[in-house]
2 protein chains.
Amino acid sequence: MKRDEILAAAACVFAQHGFRGSTTRRIADAAGVNEITLFRQFGSKEALIREAMQHMTQSVGLTALPKVPLDPESELTAWSESFMQHLRLRSSIIRKTMSEVEERPEMSESASYVPRQASNELCLYLTALKREGTAGEDFDPKTAAAMLMGSIFADAMGRDMMPDVYPQPQDEAAHMYSRLLLQAIGVENGSRKTTPKNTRRTKQLSP
Amino acid sequence: MKRDEILAAAACVFAQHGFRGSTTRRIADAAGVNEITLFRQFGSKEALIREAMQHMTQSVGLTALPKVPLDPESELTAWSESFMQHLRLRSSIIRKTMSEVEERPEMSESASYVPRQASNELCLYLTALKREGTAGEDFDPKTAAAMLMGSIFADAMGRDMMPDVYPQPQDEAAHMYSRLLLQAIGVENGSRKTTPKNTRRTKQLSP
DNA sequence: CCGGGATGCAAGTAGTCACTTACTTACACA
DNA sequence: TGTGTAAGTAAGTGACTACTTGCATCCCGG
């Protein structure tokens, strides 16, 4: 069965051309399949693309954040990097989806799944920092989470078009955002400030 | 001359349906004009929409940031609110543009004009804060600017779809982001509130 | 060897798309 | 009154769109 190849091809074409630009012919060509096969397998273009979107959101694995924070800077940085890479790899499809959701609201569920998940996890982590006294007491975890995720999201979406607006170099951006956020919520800077890489070892111990 | 009405209508239709969805018939109807008039005036649909985009970016006035900072929290909050309102009012067209730029790179210039401008101004302001000693010395203005703008951007783009992910209430969000950013760059909190720098406990004590 | 499900090919349908041609109306100005 | 300009009407072009029908082909299990 070529189902999965078709779904992958549909997602790919959609990422390049959006819904209206994803003609059945283009999808069929991309999948190396006859156009009629699409209709036999999925019934209509709309059903095909809907299924392709849902099929995408499975199989996404984000780096987990530990339940109990040990080394906030390295842990948060690792998470931010993973989140940023996830967004960057999918930037085309995210842009297209954000644009189409207004005309096709049924896409919003699969579109918002990953960011919701990420937001929840980040909130929990920041709350833990607060509870343990590692962070200050006068900040709102949800606002802080929205801020870090928003920075990463905007960077992943906008850097292609305006590289000069975002921090350089690109692969330290996630680290810089994370550090700034920790400053904002009153997390002491651990030891030395300018060693991003070496001291980042702990990933997670036990959930 | 109905030129301006046509341009406005084109921008409106584009915001709703994107490029491919902006049929000349729809634009003509929205403008209350015969379809042929579009072609006589602008030559082609592509030229029409290009001109409509450029026509939009004129006539945007963002709240200015003072050259010399006096009251960072209120100044930055006012600016953030204005920026956020600007983005929110144009969220549809921004989403559509972000999505189309990949297929039509010539749109990127008019698309990136406003955020570039805003980024410059914010950077200057943050640099002034640093220079005057109001802020700390160990932060990068560009990163901080990207962070605040990114937070506001993501909020303006995402709140419709996932209201529970962003801080409540909506009309204080800009203020909350601004305050968090000022904390991040070490701007003292004017009045009372806990001091961010020295009085924090060192991380990690096991309870 | 046979039957059935998945696939392909050829052809076609009804609709929409951007854009054109040829002609007409309304009005401003000299 | 004549002329030019902006607008409208009517009709159509060829290309593309999603989707259908009918029939041939392939492969795989019993």
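Quick note: numbers below take in every heavy atom, side chains included, and nothing from hydrogens, waters or symmetry partners. Below, chain A is the first sequence line, B the second, and so on; all start at residue 1.
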What's the verdict on side chain to side chain contact (heavy atoms under 4.5 Å, CB included) for A:Leu148 and A:Phe83, showing C-alpha distance, side-chain angles and the deciding distance? CA-CA 11 Å; A:Leu148 181 58; A:Phe83 185 54; over 6 Å; no
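For the pair B:Arg40 and B:Lys45, both in contact range of DNA chain C, the more 5′-proximal nearest nucleotide belongs to B:Lys45.
B:Gln41 places its CD atom 13 Å from the C1' atom of D:dG8, with the value rounded to the nearest Å. Between the C1' atom of D:dT9 and the CZ atom of B:Arg25 lies a distance of 13 Å, rounded to the nearest Å. Rounded to a whole Å, the CD1 atom of B:Ile36 is 8 Å from the P atom of D:dT9. The nearest whole Å value for the distance from the CG atom in B:Asn34 to the P atom in D:dA11 is 14 Å. What separates CZ of A:Arg26 from P of D:dT17 is a distance of 7 Å, to the nearest Å. Following rounding to the nearest Å, A:Ile27 (CD1) and D:dC16 (C1') show an atom-to-atom distance of 15 Å. What separates CZ of A:Phe19 from P of D:dA18 is a distance of 8 Å, to the nearest Å. Remark: C1' of D:dA18 and CZ of A:Phe42 are 16 Å apart, rounded to the nearest angstrom.
Residue A:Lys2 holds its NZ atom at 11.5 Å from CG of A:Leu38, rounded to the nearest 0.5 Å. Between the CE atom in B:Met176 and the CD atom in B:Gln168 there is a gap of 9.0 Å [rounded to 0.5 Å].
Judged by distance alone, the side chain of A:Arg26 and the main-chain N or O of A:Gly21 form a donor-acceptor pair under 3.5 Å. Here the side chain of B:Lys142 pairs a donor or acceptor atom with the backbone of A:Asp164 at under 3.5 angstrom.
One side chain, B:Glu103 or A:His17, offers a donor N or O that lies under 3.5 Å from an acceptor on the other.
Protein chain A contacts DNA chain C from C:dT7 to C:dA10, reading 5' to 3' and using non-hydrogen atoms of the protein with a distance under 4.0 Å.
Look at B:Thr37 and you won't find any side-chain N or O under 4.0 angstrom from OP1 or OP2 of D:dA7.
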